Amino acid sequence: MSESEPPRRKTLSLKSPVAAPGGPPPLERMVKPAGRTVFIAPSAAAAPPPPPPAPVVGDWKCKPCGTRFDPPTDLPDEESVRCPSCNARLGLASDFRSDPPNLAKLRARWLKKA
């Protein structure tokens with residue numbers, strides 16, 4: 001260190017027991033009680049039924065990001081359909097609704113149903 005540089009302050013560690021000047025006091029470590037932990041299993045009658053399996057989301061897949069989605073049905077034909085994840089413009093709602101869909105104008109892939 002040269003004489004033209006100002007002296008550096010001591011670097012405080014986050015784990016240091018020394019409080020920073022003008023700051024809050026250091027945190028104290030929490031101590032677990034020495035007693036035993038008893039686990040009581042809930043009765044089978046009180047357990048709620050498992051949730052139904054989640055439905056498959058989307059028949060379309062965004063080409064830029066790969067997110068599966070369903071195009072909104074409430075959009076007018078001249079509105080753009082956007083990806084719910086990356087907000088990319090995927091095409092017009094009329095192109096998604098045409099039968100068969102106009103895949104040349106869309107930035108989305110139709111997923112085949114198994």
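None of the values given here were measured: they were computed from a predicted structure. Positions are given from 1, in the same order as the sequence printed here.
- Separation of atoms CZ (Phe96) and CG (Asp70) is listed at 10.5 Å; rounding is to 0.5 Å.
- With sequence neighbours excluded, no residue forms a salt bridge (charged side-chain N to carboxylate O under 4.0 Å, His left out) with Arg89.
- Nearest heavy-atom pair across Cys83 and Thr67 is SG-CB, 4.2 Å.
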Side chain to side chain contact (heavy atoms under 4.5 Å, CB included) between Trp60 and Leu106, intermediate numbers included:
CA-CA 11 Å; Trp60 291 88; Leu106 299 177; 3.8 Å; yes
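- Leu75 and Trp110 fall within the same hydrophobic cluster, defined by Ile, Leu, Val, Met, Phe, Trp and Tyr side-chain heavy atoms under 4.5 Å apart, directly or through other members.
- Counting heavy atoms from C-beta on, the side chains of Cys62 and Ser85 never come closer than 4.5 Å.
- The shortest heavy-atom contact between Leu103 and Ala108 is CD2-O, 4.5 Å.
- Interatomic distance, CG of Leu90 versus CZ of Arg109, reported as 11.5 Å (0.5 Å rounding).
- In terms of the side-chain contact (heavy atoms from CB on, under 4.5 Å) criterion, residue partners of Lys105 (sequence neighbours excluded) are, by chain and number, Asp95, Asn102.
- In terms of heavy atoms, Arg107 sits closest to Ala88 at NH1-CB, 4.3 Å.
- The CG atom of Leu92 sits 9.0 Å away from the CG atom of Asp77 when rounded to the nearest 0.5 Å.
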